[in-house]
Protein chains: 2
Amino acid sequence: MPDTRDRILNAAEARLLSEGPGGLVLEAIAAEAAISKGGLLYHFASKEALVAGLCERMLQGFDERLETLTEADDRGPGAFTRAYLATTVTAEGKPADNSARLMAGILATLGRDSTHMVQLREAFARWHARLAADGIDETTATLVRLAADGLWLSALLGLNELDPTAGREALAALHELTCTEDA
Amino acid sequence: MPDTRDRILNAAEARLLSEGPGGLVLEAIAAEAAISKGGLLYHFASKEALVAGLCERMLQGFDERLETLTEADDRGPGAFTRAYLATTVTAEGKPADNSARLMAGILATLGRDSTHMVQLREAFARWHARLAADGIDETTATLVRLAADGLWLSALLGLNELDPTAGREALAALHELTCTEDA
DNA sequence: GGGACTGTACCGTCCAGCCGGTATAGTTGT
DNA sequence: ACAACTATACCGGCTGGACGGTACAGTCCC
């Protein structure tokens, strides 16, 4: 049995993915976590705190994968850019995980201007800085990131219109960009 | 005095942009449109219908601009791709209008899986088909679109971390891609 | 026995949608 | 020409349900 706090976050995540933002109801989350509403509120003082926790954990996981993949890459310049690409989307151009759908839910709950969105903004700024200093042409790195974000966006909107072949080709092209160009 | 229906949509849009999804309250929208709540519900039977109307009008405007710009382009192949780029983002890489923020609000209200999101999915599919048959390399066209979507995403999340210079360079690079490559 | 933790009953608020109106402009019958 | 009737547009009070948060009474473990 995992830590209660994590169990609650898992439950919130599960409901967000299965029912959408509307399903993010404290009582329902508590039920899914096999806990009472009071117990939930003991751990997260408010709904906002809960969603912020969700956001934080997601960003942390993203950062860890980025770090691992960057270190594992031995093809010289562009390592971080490739890691970003791999962390965001699969080889078929599909989103790598549920982060986009989670993000959509978090966004819908917290709203664009919540103080907790600052985390997200900081994370993006951090990644952008690393991409810019990745040893490859900065504009190229930016383009690769934008395209990756674009694919991620499709998932956020529930679009998956890129067929596997086109996705693979697009990904290959992006990947090639990170290898052939330099600063 | 514009058509009442349009006035309501304008009011909803204004509130969505100024107050976020939370500000999308029927009474408030009615007040902003200088109409009663009952009057609003006469034109839009439900909140969902209202938001769907918002979505529809937005897509229509987008389509119209796309069409206009495509026809005005006389640089041969890639006209639609360039139009897509220009309709989505400005020369500095900023989102061209408020559509992304509107979209975020619509998404938050309707949820990812609403039946009305089908419109949006169809629109994307339509645009994708046009891009694929734009006379330039299909993968290139896809990359350009993805990057444009990525910039659009930044606005949706409230990120604007790309400084004007970097934005301009990225845009120029994208634009060049639509001119130098062919099928 | 005390603190960490859990369960439950309840409160207040917010808000979508309903419904019984009103006003005005057309239409029809005589 | 005018009364009776209908359709369209709009009004605003009300209600019922949903949901976030609180209060408080346990319970379990050290």
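For the numbers below, each heavy atom of this structure counts, side chains included, while hydrogens, waters and symmetry mates do not. These numbers were taken from a predicted model, which means no experiment stands behind them.
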Residues forming a side-chain contact (heavy atoms from CB on, under 4.5 Å) with [X], sequence neighbours excluded:
| X | value |
| --- | --- |
| B/Arg65 | B/Phe62, B/Thr87, B/Asp97 |
| A/Leu146 | A/Thr142, B/Ala147, B/Leu151 |
| B/Leu41 | B/Leu26, B/Lys37 |
| B/Gln119 | B/Cys55, B/Glu56, B/Leu59 |

Taking [X] first and then [Y], would you say they form a salt bridge - that is, a charged N and a carboxylate O separated by under 4.0 Å?
| X | Y | value |
| --- | --- | --- |
| B/Asp149 | B/Arg145 | yes |
| B/Asp73 | B/Arg75 | yes |
| B/Glu32 | B/Arg7 | no |

Practice task
Pull out every residue in residues 11-21 of chain B that has a heavy atom closer than 4.0 Å to any atom of DNA chain C, ordered by number, or say none.
Solution key: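 Those residues: none at all.
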
Which residues share a salt bridge (charged side-chain N to carboxylate O under 4.0 Å, His left out) with A/Glu92, sequence neighbours left out:
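Listed in chain order: A/Arg168.
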
Note to self: I'd like to check the salt bridge (charged side-chain N to carboxylate O under 4.0 Å, His left out) partners of A/Arg57; sequence neighbours left out, ordered by chain and number.
What the structure shows: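 Salt bridge (charged side-chain N to carboxylate O under 4.0 Å, His left out) check on A/Arg57 returns A/Asp6, A/Glu13.
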
Which pairs, protein N/O on one side and nucleotides 14-20 of chain D N/O on the other, fall under 3.5 Å?
unit_1: D/dG20; atom_1: OP1; unit_2: A/Lys47; atom_2: NZ; d: 2.6
unit_1: D/dG20; atom_1: OP2; unit_2: A/Leu26; atom_2: N; d: 3.2
unit_1: D/dG20; atom_1: N7; unit_2: A/Lys37; atom_2: NZ; d: 3.1

Below 3.5 Å is the cut-off: list the nitrogen or oxygen pairs between protein and nucleotides 5-10 of chain D, distance only.
unit_1: D/dA9; atom_1: OP2; unit_2: B/Tyr42; atom_2: OH; d: 2.7
unit_1: D/dC10; atom_1: OP1; unit_2: B/Thr4; atom_2: OG1; d: 3.1
unit_1: D/dC10; atom_1: OP2; unit_2: B/His43; atom_2: NE2; d: 2.3

- ring pair (Phe, Tyr, Trp, His ring centres under 6.0 Å) partners of residues 69-111 of chain B, not counting sequence neighbours, each pair once: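 The answer is none; no pair qualifies.
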
>> Once ring pair (Phe, Tyr, Trp, His ring centres under 6.0 Å) is applied, what residue pairs with a partner in residues 98-119 of chain B remain, sequence neighbours excluded?
In response: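 Listed once each, the pairs would be none.
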
>> Closer than 3.5 angstrom, by distance alone: can the side chain of B/Asp134 be matched with the main-chain N or O of B/Ile136 as a donor-acceptor pair?
In response: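 A pair under 3.5 Å: no.
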
5' to 3', nucleotides 24-30 of chain D under a 4.0 Å protein heavy-atom cut-off (B base, S sugar-phosphate only, - none) gives -------

